Protein chains: 2
Amino acid sequence: MAKRPADPISASAPAARQVPMRDFSRSLPMSLLRAREAVMRQFRPSLREHGLTEQQWRILRALAAIEAAEVTELARTAFLLGPSLSRILRDLEARNLIERRTAKADQRRSMVSISKEGVKLMASVAPSSEAIYAEITRRFGARKLAELQEMLAELERSLAELGASDEASAEE
Amino acid sequence: MAKRPADPISASAPAARQVPMRDFSRSLPMSLLRAREAVMRQFRPSLREHGLTEQQWRILRALAAIEAAEVTELARTAFLLGPSLSRILRDLEARNLIERRTAKADQRRSMVSISKEGVKLMASVAPSSEAIYAEITRRFGARKLAELQEMLAELERSLAELGASDEASAEE
DNA sequence: CGGAGATGCTTAACATGTTAAGTGAATGCG
DNA sequence: CGCATTCACTTAACATGTTAAGCATCTCCG
């Protein structure tokens, strides 16, 4: 371990290295980011061929699994923020991949569902998508993949309560 | 593709599930995305207080560790694409947090380094950032954290050759 | 009733992700 | 040399992430 003389900011040094933080390439956020990018890099070309972005694909998949959903529910399922979802739904609707109608009970809510065309598009993308996922599983190992997912889920649980309230040195 | 028989799925009928994919909320990309978001949610408020985005912070951290770097090298270290980095460097330079000058040997390259002000800003952010990281480590467990990072690194390695089939062989 | 507040969604504004094209400076090769 | 090619960025264009505001609609309570 490189030990370091405790001297935060010496007023005239050559400007760098006074703040001894962990090597940030090994920080958890970076690890997660790089891993995710390594995975998504496999899928993007195939999605792109079909004229879909990653997020549009997430929405179609979410909708295919449930008959219809409110926008807020869909946002939670596809893990998208409201504003992003709003824009994407507008575009997907213009492409006739989804359908939308306001609920009769509550005029504020709008119900979203996948269209016939949307289902067709999914059917054309799914095979190559599944093949890629299978190849990733084969390379990394099915058992290790399951372990990894479990650890990720537990990480989420560990931090679930933390984010709800405010944190160190909140506002000002 | 083969024409398909009358589609049983219509806009008003229940069930649009003829493509049986995995529950996508358990897909690897989603797991990684959610885990990363759970982590970043802890850091964003603190960074925001200091007027920094996550990416700007990555760049400052990278620069603090290495005197000076070319833009391309910095992009690799901070895991940012060229265009994003270009914009961010422009902004950070306008805020006097970094300095930039073109190399004499090769007029195409520009050397970037953190400024005195940048170092000061880092020093003001680092403590709370480290505290948050420590809390995350405490909650999840230091050992498990190390295991997780190792698995993520291995996942990266597993997929390294796959996505870059014709351009792999120039790394140290 | 009725208006204050909550709710569901959209727009706005700014920053980044992503791909493609542009620009000026080196390099290779005839 | 001459010049096409490569290289190191930068710009451009479009899509999403992120926060704050805006706008209807709905709920609740006096």
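So you know, we letter chains A, B, ... as the sequences are listed, proteins then strands, and number each from 1. Since the structure is predicted, the reported quantities are computational estimates derived from the model, not experimental observations.
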- Item | Lys/Arg-Asp/Glu bridge criterion (N-O < 4.0 Å) met for Arg44(B), Glu37(B) | yes

Tabulate below the donor-acceptor pairs under 3.5 Å that side-chain atoms of residues 83-90 of chain B make, not counting sequence neighbours, or state none.
residue	atom	partner	partner atom	Å
Ser84(B)	OG	Arg87(B)	NH2	3.3

- Can you check the Glu70(A) CD to dT25(D) P distance for me, whole Å? 17 Å

- Item | Side-chain donor/acceptor of Arg108(B) to base of dC9(D), under 3.5 Å | no

- Rounded distance (Å) that lies between atom C1' of dA12(C) and atom CZ of Arg90(A): 12 Å

- Task: From the options dC9(D), dT10(C), dT25(D), select the nucleotide whose nearest atom is closest to the side chain of Thr72(B).
- Result: dC9(D)

- Query: Are Leu28(A) and Leu155(A) close enough that some pair of their side-chain heavy atoms sits under 4.5 Å apart?
  - Reply: yes

- Query: Between dC9(D) atom C1' and Asp106(B) atom CG, what is the distance in whole Å?
  - Reply: 11 Å

- Whole angstrom value for the distance that separates P of dC9(C) from CZ of Arg100(A): 10 Å

- Message: For nucleotides 15-21 of chain C, give me one character per nucleotide, 5' to 3': B if any protein heavy atom sits under 4.0 Å from the base, S if the only such contacts are to the sugar-phosphate, - if neither.
- Response: SBBBBB-

- Picking from dC26(D), dA8(D), dT10(C), the nucleotide nearest the side-chain atoms of Gln107(A) would be dC26(D)

- Message: Taking Glu150(A) first and then Arg143(A), would you say they form a salt bridge - that is, a charged N and a carboxylate O separated by under 4.0 Å?
- Response: no

- Task: Using the test salt bridge (charged side-chain N to carboxylate O under 4.0 Å, His left out), find all partners of Asp106(A) that sit at least two apart in sequence or belong to another chain.
- Result: Arg108(A), Arg109(A)

- Query: Salt bridge between Glu135(B) and Arg139(B), side-chain N to carboxylate O under 4.0 Å?
  - Reply: yes

